[in-house]
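One structure is given here, and the rest of the page talks about it.
Sequential numbering from 1 along the given sequence is applied to the chain's residues.
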Amino acid sequence: MAASIGNFGEVYDFAIFGFSVPILAGHFFPGTDRTAALLSTFAVYAVAFFARPLGGVVFGFFADRIGRIKVLSATVWLMAAATALIGLLPTYESLGVAAPVLLVMCRIAQGLAMGGETTGSVSYIIESAPNDRRGQWVGYTWFFSYMPNAFVAVFLLGLQLAAGMAEYAEWVWRVPFLLGGFVGFIGFWLRRNLDDPEEYKQAATKTHVDNPLFTATRTGWKCMLHVVLVMPILCVASYLLLGFMYTFLIREAKLSPSMALLSNAAAILVLSVAITVGGVISDRFGRRKIMSIGTAWLAVVSYPAVYLSASGTLMGAIIGQFLVAIGVGLYGGAAFTAMPELFPTSFRATGHAVSYQLSVAIFGGTTPFIATWLVGSFGSPLAPGVYTALIAAAGLIALRFVPETNGVRLRTSVGLPLRGTTETVVHDFS
């Protein structure tokens, strides 16, 4: 519970930027070409995703060497500080080109923190959960990881209605960023008395790895490749919903900002519930089967979903986004559990961090940018739907090469030989 609520705080900080893209574009990249300003802001949005692999490697390494909780305490402070600083930054009008440079630096810090947070928290949960309920526990955790996106949407809507769009665009947009510092303090307070899981402590004693990064890249490369195969559809579909759709509904569907926020928040709520369901049923039916169902769903509904979202009606936007949310939730509940299960405990955080964060950087952080570019290049608001459907179709093929991990023994995972360790590793899927 403490890990989940701590996640809520970190993701709240990270999510504010995505919902603030239209406002930030005007303050930090002013100009007559609105599309160029949006692309510049989405590029800054993507910068954090390219910082995530570095954060994942650094914090993942230390999570394997010194413990999960120490790293999770450090990441929550880094995220809080970077978010609060964005709320204090002077704009381009008062500082010139230095303003977007500082914005990029803050966004990099957010990416470093998120890189360590995602891997550290999921490793902690997997190693703390009962063997037959790992999917359920991970599903609950990711419920609290996606809910901040809905919370931020509703919170920003309330601020816009209370202050008025003119005042909100002028200075009230800073308030949610400043609150990020306080949210970070709450996350640290909740985690301060947690202890590392017994699975981690026993593995640290019995399966010693001197260099988790070296071991992960040398003996765990197949598992890292499996993560890379799992991630593209999860990244593209989820960040289409989380990072792109709000701006898309305003620019292409011509919905008001309040209606766009409301419909997106509702879709994220559906996603949060669906990801819990996906985790629970993957405990019973297997990770790969549920992932296959989720990606097949997305291959079929992605184009109709974007078509409905672009219809210009609130109901169309809600139904279209709900269709994407259901598929992402089912797929994600199983995928988020399977990926850390692929790695043995001794280098789980490092191996997961490198492969997961690189995939998020390549496929997730670029999704809003690519989707915006596709709309402009093809002159059709439906182009992102085709892109998502094609990625999902490729994902169905990729899943054929990913092993089932439900019930695998965490200490040895799928039977990787751990060179340089003091424990013999064998296949054990009991």
Side-chain angles (χ1 to χ4, degrees), residues 49-50 52-61 63-64 115 118-120 122-123 126 134 138 209 211-239 282 286-292 294-296 298-299 331-367 390-421 425-429:
F49 288 84
F50 286 98
R52 285 176 65 161
L54 178 59
V57 169
V58 173
F59 288 117
F61 178 91
D64 283 329
T118 306
T119 292
V122 76
S123 297
I126 283 286
R134 293 179 201 149
V138 169
V209 172
N211 190 327
L213 180 59
F214 176 79
T215 305
T217 53
R218 184 174 181 181
T219 67
W221 65 269
K222 285 186 178 179
C223 292
M224 294 168 69
L225 178 60
H226 291 146
V227 172
V228 173
L229 293 175
V230 168
M231 283 299 292
I233 183 56
L234 181 61
C235 290
V236 171
S238 61
Y239 285 104
S282 74
R287 317 293 186 218
R288 195 165 67 172
K289 181 178 291 185
I290 302 305
M291 284 191 288
S292 297
T295 196
L298 287 167
Y331 186 89
F336 282 127
T337 310
M339 288 185 284
E341 286 179 329
L342 286 165
F343 300 94
T345 304
S346 55
F347 62 84
R348 173 168 295 113
T350 305
H352 178 269
V354 173
S355 49
Y356 177 89
Q357 300 299 346
L358 278 173
S359 299
V360 171
I362 295 170
F363 296 102
T366 59
T367 293
L390 290 174
I391 293 291
L396 273 175
I397 299 172
L399 285 176
R400 295 172 59 87
F401 302 97
V402 178
E404 177 59 60
T405 61
N406 188 23
V408 72
R409 182 172 179 255
L410 291 179
R411 191 72 51 83
T412 57
S413 187
V414 292
L416 294 174
L418 299 183
R419 298 187 182 93
T421 71
V425 179
V426 297
H427 291 278
D428 184 354
F429 290 91

Minimum-distance pair of heavy atoms, taken over all atoms of Ala353 and Val57
CB-N, 4.2 Å
Please examine the side chains of Phe61 and Asn211, heavy atoms only from C-beta on, and report whether any two atoms are closer than 4.5 Å.
yes
Quick check against the 3.5 Å criterion: does Arg287 have a side-chain atom that pairs as donor or acceptor with the backbone of Thr337?
no
Sequence neighbours excluded - salt bridge (Lys or Arg N to Asp or Glu O under 4.0 Å) pairs with any residue from residues 354-367
none
Which side-chain hydrogen bond (donor to acceptor under 3.5 Å, both in side chains) pairs, counting each pair once, include a residue from residues 390-400, with sequence neighbours left out?
none
Listed by chain and number, what are the salt bridge (Lys or Arg N to Asp or Glu O under 4.0 Å) partners of Arg348, not counting sequence neighbours?
Glu127
State, to 0.1 Å, how close Glu341 and Thr405 come at their nearest heavy-atom pair, and which atoms those are.
OE1-OG1, 2.6 Å
With sequence neighbours excluded, what pairs up with Phe50 under the side-chain contact (heavy atoms from CB on, under 4.5 Å) test?
Ala46, Ala361, Thr366
Residues which pass side-chain contact (heavy atoms from CB on, under 4.5 Å) with Ala349, listed by chain and number, not counting sequence neighbours:
Ala63, Asp64, Arg68, Thr119, Ser123
Looking at CG of Leu213 and CZ of Arg218, how far apart are the two atoms once the value is rounded to the nearest 0.5 Å?
13.0 Å
With sequence neighbours excluded, what pairs up with Tyr239 under the side chain to side chain donor-acceptor pair (under 3.5 Å) test?
Arg52
Using a 3.5 Å distance criterion without hydrogens, assess whether the side chain of Thr219 forms a donor-acceptor pair with backbone atoms of Ala216.
no
Search all heavy atoms of Gln357 against all heavy atoms of Gly56 and return the closest pair with its distance.
CG-CA, 4.1 Å
Closest non-hydrogen atom pair, Pro212 against Thr350:
CB-OG1, 3.4 Å
Audit row: Phe347, Cys223, side-chain contact (heavy atoms from CB on, under 4.5 Å) steps and yes/no:
CA-CA 11 Å; Phe347 62 84; Cys223 292; over 6 Å; no
4.5 Å side-chain heavy-atom contact, Phe336 and Tyr356:
yes
Tell me the closest heavy-atom pair linking Pro344 and Arg411, and the distance in Å.
CB-O, 3.3 Å
side-chain contact (heavy atoms from CB on, under 4.5 Å) partners of Leu54, counting only residues at least two apart:
Val58, Leu112
Between the NE2 atom in His352 and the CG atom in Leu342, the distance rounded to the nearest 0.5 Å is 9.0 Å
With sequence neighbours excluded, tell me which residues meet side-chain contact (heavy atoms from CB on, under 4.5 Å) with Leu396.
Thr295, Ala296
Quick one: side chains of residues 226-236, donor-acceptor pairs under 3.5 Å with protein atoms, not counting sequence neighbours, listed by atom name and distance.
from   : atom 1 : to     : atom 2 : distance (Å)
His226 : ND1    : Lys222 : O      : 3.2
His226 : NE2    : Phe401 : O      : 3.3

Taking C-beta and beyond as the side chain, do Leu358 and Val354 meet within less than 4.5 Å on heavy atoms?
yes
Arg134 side chain near Leu410 side chain, heavy-atom distance below 4.5 Å
yes
